[in-house]
2 protein chains.
Amino acid sequence: IVVARDVTRDYRQGRTVVRALRGADVTVAKGDFLAVTGPSGSGKSTLLHLLGGVDLPTSGSVHFLGRNLAAMSVEARAALRLRQVGLVFQRFHLLPMLTAIENVELPLAAMRVSRRERRERAAAVLERVGLADRLRHRPGELSGGQCQRVAIARALANDPAVVLADEPTGELDRTTSRRVLALFQELNTAGTALVVATHDLELAAGARRRIEVVDGRTRP
Amino acid sequence: IVVARDVTRDYRQGRTVVRALRGADVTVAKGDFLAVTGPSGSGKSTLLHLLGGVDLPTSGSVHFLGRNLAAMSVEARAALRLRQVGLVFQRFHLLPMLTAIENVELPLAAMRVSRRERRERAAAVLERVGLADRLRHRPGELSGGQCQRVAIARALANDPAVVLADEPTGELDRTTSRRVLALFQELNTAGTALVVATHDLELAAGARRRIEVVDGRTRP
Ligand SMILES: Nc1ncnc2c1ncn2[C@@H]1O[C@H](COP(=O)(O)OP(=O)(O)OP(=O)(O)O)[C@@H](O)[C@H]1O
Ligand SMILES: Nc1ncnc2c1ncn2[C@@H]1O[C@H](COP(=O)(O)OP(=O)(O)OP(=O)(O)O)[C@@H](O)[C@H]1O
Ligand SMILES: [Mg+2]
Ligand SMILES: [Mg+2]
């Protein structure tokens, strides 16, 4: 589904260059469940953003369902992402003025889903992450772990082909983290591909395979 | 140093009341190192905010060095916090327009510390958390775990009497988490009291004692 070939990502910082990714190769196949591990600052988030087309590489290429992301317009990439990708950002990026259920409904609103079905789907996935009694709370009225779970629910709402989750259990207790892993495994069994960047070793062990990112490079 | 007696914290949500804390008792003594554990949404952040005077209880009392926080003005509480408390927020609350070192210097600027000493102290504590080569990066130019470490460094910069850290290792790999624990233990040995809300069982085990928060109540 997604193929990253020899990608690099540089950031210019004044006169220096920060080489966030120095050479990464990843292939995400249909039904894959890939854990991405590695030290803080090694390049995991950068890699996930490139795989989802949220960012473009400095060199190398990323192909999504055969299409070169760098050859698409911003709008075309956004439309592709909306239909095919579910992104759980490390910083959540929830809209503070919307309630939990409204945040989760957002990706569904752009698709041809009736208003009632949108609400039912959003409520169902929020209930899967244990937030049935927090649907009308806004992010400022939720705990850190509850916000994280809203971000997860939003990524799953439009039933994407691939879920890219960046540290999805960083704020969760062990029991809730296991519930999230079980949910991910269930989706994977049903055909969803997942790429999860994580420091949570139990979550990484629950994936089908694993790659490590160290100092901007992928291994193996 | 800090004593919370039978504190509760309610939030009004339309016509319902969310009882974030239903009854908590905590005593933080000089030189204490207390881990606060419990499920997501159980009330840990709420408790830490009450201990630091960032929030006030609905009922019960919180005394800081013998002074009732609810009897102080907003300015007096803020001044007390600036001198005596180091807060690591679960959501970091870094200033996005300031660099890492400027964010860490901020609490020092309000004290009688020379500009040069401020810069040296901030650089030193950032170096302690492995960010010596990221001093001039702004939060948007840092990884999640790097931002978390800037938030930790900022809490330690003014050498407070008590550090209240809310999930300080949620975004960190195991190696970096251990480095943070070692730093906390070192500060504790030197006389700083610490209260750490965490889902990280290794970090909790590295504290001197532990209380659990479940459904808004502390145990024991
Ligand atoms: N402003 C608010 N309005 C309504 N409810 C709130 C508000 N802030 C927090 N809550 C609720 O209070 C409860 C306790 O929240 P708190 O942030 O203290 O939990 P926590 O133990 O820190 O959780 P986590 O481990 O996920 O960070 C949660 O169920 C949350 O939904
Ligand atoms: N906009 C930017 N400008 C400069 N450097 C950046 C920028 N964004 C990221 N970096 C650097 O690129 C490196 C990789 O960042 P990335 O966020 O991918 O790390 P990560 O593996 O996700 O870390 P963590 O586990 O802490 O989330 C980091 O060292 C970071 O400081
Ligand atoms: Mg990251
Ligand atoms: Mg919390």
Side-chain angles (χ1 to χ4, degrees), chain A residues 11-16 18 20 37-46 48 89-92 94 96 99 129-131 133-149 166-177 179-180 197-202 204 212-214, chain B residues 11-16 18 20 37-46 48 89-92 94 96 99 129-131 133-149 166-177 179-180 197-202 204 212-214:
Chain A
Y11 289 105
R12 200 149 245 103
Q13 251 257 325
R15 259 193 253 123
T16 49
V18 175
T37 58
S40 172
S42 58
K44 302 179 298 298
S45 296
T46 304
L48 255 62
F89 292 98
Q90 192 167 3
R91 285 168 223 204
F92 310 167
L94 299 177
T99 63
V129 293
L131 295 178
D133 60 349
R134 290 285 183 272
L135 302 185
R136 290 189 186 71
H137 285 232
R138 270 175 247 105
E141 298 162 335
L142 293 171
S143 78
Q146 290 167 343
C147 283
Q148 186 156 47
R149 285 180 272 162
D166 201 350
E167 308 283 356
T169 61
E171 307 296 319
L172 303 178
D173 56 279
R174 190 90 325 257
T175 303
T176 314
S177 297
R179 187 171 178 169
V180 168
T198 186
H199 294 302
D200 181 342
L201 302 179
E202 251 193 52
E212 232 200 325
V213 182
V214 178
Chain B
Y11 289 104
R12 201 150 243 103
Q13 250 259 325
R15 261 192 253 124
T16 50
V18 175
T37 59
S40 172
S42 57
K44 302 179 298 296
S45 295
T46 305
L48 253 65
F89 292 97
Q90 191 166 5
R91 284 167 224 206
F92 311 165
L94 299 177
T99 63
V129 290
L131 294 179
D133 61 346
R134 290 286 182 270
L135 302 185
R136 288 187 187 74
H137 285 230
R138 271 176 246 103
E141 299 163 334
L142 293 169
S143 79
Q146 290 167 343
C147 283
Q148 186 156 47
R149 284 180 271 160
D166 201 349
E167 308 282 355
T169 61
E171 308 295 320
L172 303 178
D173 56 278
R174 190 92 322 260
T175 303
T176 313
S177 299
R179 187 170 177 170
V180 168
T198 186
H199 293 303
D200 182 342
L201 302 178
E202 250 192 53
E212 232 201 325
V213 181
V214 178

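Chain letters run A, B, ... following the sequence lines, proteins first, then strands; residues in each count from 1.
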* Asked: Less than 4.5 Å apart, any side-chain heavy atom of H199(B) and any of S177(A)?
  -> no

* May I ask you to test the V18(A)-H137(B) pair for a side-chain heavy-atom distance under 4.5 Å? => yes

* Side-chain touch S40(B)/R149(A), heavy atoms, less than 4.5 angstrom -> yes

* **Residues which pass side chain to side chain donor-acceptor pair (under 3.5 Å) with E171(B), listed by chain and number, not counting sequence neighbours** => Q90(A)

* Between S45(B), P39(B), G38(B), which has the largest tally of heavy atom pairs under 4.5 Å with chain A? -> P39(B)

* For the candidates E167(B), K44(B), Q148(B), R91(B), which exhibits the highest count of non-hydrogen atom pairs separated by less than 4.5 Å from chain A? -> R91(B)

* To do: List for me each residue that meets side chain to side chain donor-acceptor pair (under 3.5 Å) alongside D200(B), sequence neighbours excluded, and say none if there are none.
  => T169(B), R174(B)

* Asked: When heavy-atom pairs shorter than 4.5 Å are enumerated against chain B, which of T175(A), L172(A), T37(A) gives the highest number?
  -> L172(A)

* **Heavy-atom proximity to chain A below 4.5 Å, by part of Q146(B)** => both

* Can you say whether E141(B) sits under 4.5 Å from chain A via the side chain, the backbone, both, or neither, judging by heavy atoms? -> side chain

